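What you see is a predicted model; the values in this text were computed from it and never measured. Hydrogens, waters and symmetry mates play no part in the numbers below; they use all other heavy atoms, side chains included. Counting convention: from 1, in listed order, for ligands and their atoms alike. Counting from 1, the numbers follow the sequence of the chain as shown.
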Amino acid sequence: MSKSLQAIRGMNDILPEQTPLWRYFEGTVACLLDNYGYKQIRMPIVEFTELFKRSIGEVTDIVEKEMYTFEDRNGDSLTLRPEGTAACVRAVLEHGITGGGQVQKLWYIGPMFRHERPQKGRYRQFHQIGLEVFNLDGPDIDAELIIMTWRLWGELGIRDAVKLELNSLGTSESRGRYREALVEYLSAHHDKLDEDSQRRLKTNPLRVLDTKNADTQAVLVDAPKMADYLDDESRAHFEGLKARLDAVGIPYVLNPKLVRGLDYYSKTVFEWVTDKLGAQGTVCAGGRYDGLVEQMGGKPTPGVGFAMGIERLVLMLETLEQIPEEISRQVDVYLCAFGEEAELAGLALAERIRNELPNLRLQVNAGAGSFKSQFKKADKSGALYALILGDDEMAQQVVGFKPLRGQGEQQSIAWDALAAHLATCVVQG
Ligand code: ATP
Ligand code: MG
């Protein structure tokens, strides 16, 4: 196929055999968030470039080199969103729904775009479910976010494969003091740092902490520790969070080097990581951003949130074989009809059954065909039962009810009794 007719590198089709697992995952998360009282918000996928520069930070990896930015026909600089928080903050400000201290507990789902090197678990169009809470500043809500994700991993059967890493970045003042101390220390060891870290030392020194370079890591061993610079308020907040996680029994490890890639975090930051996906081990990441709303032109408004990568979590469900059996079956019953008269009767019968059993997944054969070919299609559909309407059945006003997965013999069921019979045979999701 010519190159122009292929999908863009790093932007994937999600094929019909994969969508059941995606929908299972997304449905499980949506249901959980509903149950905890979170409401969905939907933002556009394109925003003014300025929004991301201002919120994410000019010197972050995302803004420096990962954004899909282009000029609109009228000359505005627009960007495909690389994450959801910026747009969510823009939306709540624009609609005034966090004004006067109103609490908002919001979540969103959708594609994000970053020009990264595509590899397993890292794509250029990827999907996140994210969540943001506004106007709650205590550790209790930080804890709730983590508790929800912990429950989610339990429901998905992947709890044993993820680990919670926690850190506190302090307030912007204490972070500023720490930054100074770190810069002073790293500058004294400038020659031993890798090139990337030397650059970051000038632009975004905290990011040096999560370098992958061994020499730089060696230098960091004796570097000043963030925890020693925390102000009392941040310290108390962090203790409050830990106490709540302990109360619920959620294990965590403290990772003083966890700084997150975005500029806007303060106090709590956390990541759920796994060793099951190779290098792309973070499946969910977030933290508190008490200064962001103000930085974006709003009144001071505390905020906290997280985002999880759907591709990585779907990959985990596959890797750990945590795929519920029922999601791969998409048809319960397949109706075969032979001859024109039977086809008409079959259509009407199918609609009657759908009225009575709205959740039944009933597929009616399309494209006619011989007995053999319709049966083959019924079998291939994965249905548990085939319904058969031929001349004999028409004459007696019955259907042939044939188990396709070896649960007994074919029997005849009167049209009027069919819905009730199906209700007893098919467990409906
Ligand atoms: P990473 O360190 O893996 O690049 P990040 O810190 O850039 O992640 P966030 O901006 O915090 O990621 O996004 C939250 C989550 O979204 C990540 O933990 C990950 O699961 C997912 N994610 C981020 N970038 C990608 C990508 N390019 N492809 C697939 N998933 C991604
Ligand atoms: Mg990244």
Counterpart residues, side-chain hydrogen bond (donor to acceptor under 3.5 Å, both in side chains), relative to Arg117 (two or more places apart): none

Is the shortest N/O to N/O distance between Glu271 and ligand 1 below 3.5 Å? no

Geometry only, no angles: is Arg114 polar-contacting ligand 1 at N/O separations under 3.5 Å? yes

Mind checking whether Val283 contacts ligand 1 via backbone (N, CA, C, O), side chain (CB onward), both or neither, at a 4.0 Å heavy-atom cut-off? backbone

Nearest heavy atoms of Met67 and Thr49, plus distance in Å: CE-CG2, 4.1 Å

Nearest non-hydrogen partners of Val92 and Phe134, listed with the distance: CG1-CE1, 4.0 Å

With a 4.0 Å cut-off on heavy atoms, is Glu83 touching ligand 1? no

Given Arg200, which partner from the list Asp194, Asp61, Asp210, Thr216 fulfils the side chain to side chain donor-acceptor pair (under 3.5 Å) test? Asp61

With atom 2 (O) of ligand 1 as the reference point, say which of Gln280, Gln125, Arg122, Met112 has the nearest heavy atom. Arg122

List ligand 1 atoms under 4.0 Å from Ala285, heavy atoms only on the residue side. 11 (O)

Taking it one step at a time, do Thr85 and Glu132 satisfy side-chain hydrogen bond (donor to acceptor under 3.5 Å, both in side chains)? CA-CA 7 Å; Thr85 305; Glu132 318 291 347; 2.8 Å; yes

In terms of the angle between their ring planes, are Trp272 and Trp150 parallel, tilted or perpendicular, with boundaries placed at 30° and 60°? parallel

So which of Tyr265, Tyr123, Phe126 gets nearest to atom 23 (C) of ligand 1, if we judge by its closest heavy atom? Phe126

In ligand 1, which numbered atoms sit nearer than 4.0 Å to a non-hydrogen atom of Thr282? 17 (C), 18 (O), 19 (C), 20 (O)

Proximity of Gln128 to ligand 1 by residue part, where a heavy atom lies under 4.0 Å: side chain

Between Tyr385 and Phe401, does the ring centre distance come in under 6.0 Å? yes

